[in-house]
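Take a look at the structure set out below.
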Amino acid sequence: MKSRLSPIAVICAAFVGAFLLLPLIAVIPVSFTPKRFLSLPEDVWSLRHYEALIDKPQWLEATLTSVQIAALSGLLATSLAFAFSLGIWMMRPRYAGLLIGIALLPMVAPPVVSALTLYFFLILIGKVNSLIGYDNMAGVVLSHTVMIVPFAVILISVSLAQVDRRIDLAARAMGAGLLTRIFVVLLPNIRFAVLTAFFLTFVLSWEEIGVTIFITSVQVITLPRLMWMGLRDNIDPAIAAASVVLIAIVALVIVSRAILTAIFANERPHE
């Protein structure tokens, strides 16, 4: 039996939602201003700043750079978190709590401390190699991975904790090798957690700005950094247009997910 929300709860939820969405909605009219600075349009609404997103190549380049970095960082962070969490789950070492605490350290450390640490690390490592260093793609991917891997560790570890160990013991008793146990027995049971971890780390890397400011200069410019540069230098209204586009994409994804969830929920009783 499904419980129904009271009208008061619905009203409170709607009020909180409106309070949280009002700052986002305020960006929409600003993006249509015909002026060269942030302001509300008065008589004329213009699309010039949306056209600037298409005409100026730096916006497209920054977007592609952010997608590449977020995809690589998310994939690397998820892979590392999967290997780490699986090792803890299968081996159950004596100091598992200490190892997990070390893995989660970037999450609890102050962002400025992490950013400065990664900055000096990339400066030092850049002196001995040309692949990973300050203000290059590999260095940014590595830094983002360090910052986002704790979130993937939490998701995958929680999912593994709910897996019955007897299925792994049964697979081992039947002669299954390590790789078979991992990819055929265990991975299917936590695949949704792994996919969720990748999606979360992708989003976290996409929006990362604090560390990115410290470890990049002019060679690698992500979309959040480009927007930050616009706010700091000349307050370009194109930033508001870019924000509206991102809000529209997120809203579309959320609505699509809600529709698909409702469709699957309606079809499940008929199976």
Side-chain angles (χ1 to χ4, degrees), residues 24 27 53-54 56-85 103-107 109 111-112 114-115 117-119 121-122 125-126 131-156 159 190-231 238-257:
L24 300 179
V27 178
L53 297 179
I54 302 175
K56 295 182 179 180
Q58 61 263 35
W59 287 101
L60 179 59
E61 293 174 359
T63 301
L64 294 177
T65 300
S66 292
V67 171
Q68 294 175 8
I69 292 175
L72 292 173
S73 301
L75 182 61
L76 182 57
T78 304
S79 301
L80 293 175
F82 176 73
F84 174 82
S85 302
L104 301 183
L105 189 59
M107 178 186 292
V112 175
S114 300
T117 303
L118 291 170
Y119 167 76
F121 172 75
L122 293 179
I125 199 175
L131 178 61
I132 302 176
Y134 173 77
D135 198 24
N136 65 21
M137 182 75 72
V140 176
V141 170
L142 178 61
S143 300
H144 281 202
T145 301
V146 171
M147 298 301 297
I148 63 181
V149 73
F151 299 91
V153 168
I154 291 176
L155 286 173
I156 297 177
S159 181
I190 61 170
R191 61 186 184 277
F192 294 113
V194 174
L195 292 175
T196 302
F198 173 75
F199 177 76
L200 177 61
T201 52
F202 179 92
V203 173
L204 291 173
S205 175
W206 169 274
E207 67 177 11
E208 174 59 49
I209 181 62
V211 172
T212 307
I213 292 175
F214 279 83
I215 62 174
T216 60
S217 179
V218 295
Q219 298 297 326
V220 180
I221 299 179
T222 62
L223 184 59
R225 178 173 175 81
L226 182 62
M227 297 174 69
W228 179 82
M229 291 168 57
L231 287 173
I239 299 173
S243 301
V244 172
V245 173
L246 294 177
I247 292 172
I249 293 175
V250 172
L252 180 62
V253 171
I254 293 175
V255 171
S256 301
R257 180 184 181 279

Original post:
Do the side chain of E208 and the main chain of V211 share a donor and acceptor less than 3.5 angstrom apart?
Top reply: yes
Original post:
What pair of heavy atoms forms the shortest contact from Y119 to F214, and how long is it?
Top reply: CD1-O, 3.2 Å
Original post:
Atom CG in L104, atom CZ in F151: separation rounded to 0.5 Å?
Top reply: 9.5 Å
Original post:
Do the side chains of M107 and I154 get nearer than 4.5 Å, heavy atoms only?
Top reply: yes
**OP:** Could you grab the distance from atom CZ of F84 to atom OG of S79, nearest 0.5 Å is fine?
**Re:** 15.0 Å
**OP:** Check whether any side-chain heavy atom of F121 sits under 4.5 Å from a side-chain heavy atom of S143, and report yes or no.
**Re:** no
Subject >> Separation of T78 OG1 from L200 CG (nearest 0.5 Å) >> reply: 8.5 Å
Original post:
Does a side-chain heavy-atom distance below 4.5 Å link I221 with E61?
Top reply: no
Subject >> Rounded distance [0.5 Å steps], CG in L195 versus CZ in R191 >> reply: 8.5 Å
Original post:
So, for L53 and A238, which heavy atoms are closest and what is the spacing to 0.1 Å?
Top reply: CD2-O, 3.7 Å
Original post:
Checking side chain to side chain contact (heavy atoms under 4.5 Å, CB included) for the pair M147/L118: CA distance, chi angles, key distance, verdict?
Top reply: CA-CA 10 Å; M147 298 301 297; L118 291 170; 4.2 Å; yes
Original post:
Do any N or O atoms from the side chain of S85 and from the backbone of F82 form a donor-acceptor pair under 3.5 angstrom?
Top reply: no
Subject >> Min side-chain heavy-atom separation H144-T212 under 4.5 Å >> reply: yes
Can you give me every donor-acceptor pair (side chain of residues 241-251, partner residue at least two apart or in another chain, under 3.5 Å) with its distance?
| residue | atom | partner | partner atom | Å |
| --- | --- | --- | --- | --- |
| S243 | OG | I239 | O | 2.8 |

Subject >> Flag, side chain of N136 to backbone of V220, donor-acceptor distance under 3.5 Å >> reply: no
Original post:
If every non-hydrogen atom of R225 is compared with every non-hydrogen atom of I213, which pair is closest and at what distance?
Top reply: NH1-CA, 3.4 Å
Original post:
When rounded to the nearest 0.5 angstrom, what distance separates CG in L75 from OG1 in T145?
Top reply: 9.0 Å
Subject >> Heavy-atom closest pair, residues P224 and W206 >> reply: CG-O, 3.1 Å
Original post:
Which heavy-atom pair separates S114 from P106 by the least distance, and what is that distance?
Top reply: OG-O, 4.3 Å
Subject >> Minimum side-chain heavy-atom gap L226-Q58 below 4.5 Å >> reply: yes
Original post:
Between S66 (side chain) and L223 (backbone), is there a donor-acceptor pair under 3.5 Å?
Top reply: yes
Original post:
For the residue pair A138 and I132, what are the closest heavy atoms and their distance?
Top reply: CB-CG1, 3.8 Å
Original post:
About how many Å separate CE of M229 and OG1 of T222, when rounded to the nearest 0.5 Å?
Top reply: 10.0 Å
Original post:
Do side-chain atoms of S205 reach the backbone of T201 as a donor and acceptor pair under 3.5 angstrom?
Top reply: no
Original post:
Counting distance only, does the side-chain N/O of D135 pair as donor-acceptor with the main-chain N or O of V218 below 3.5 Å?
Top reply: yes
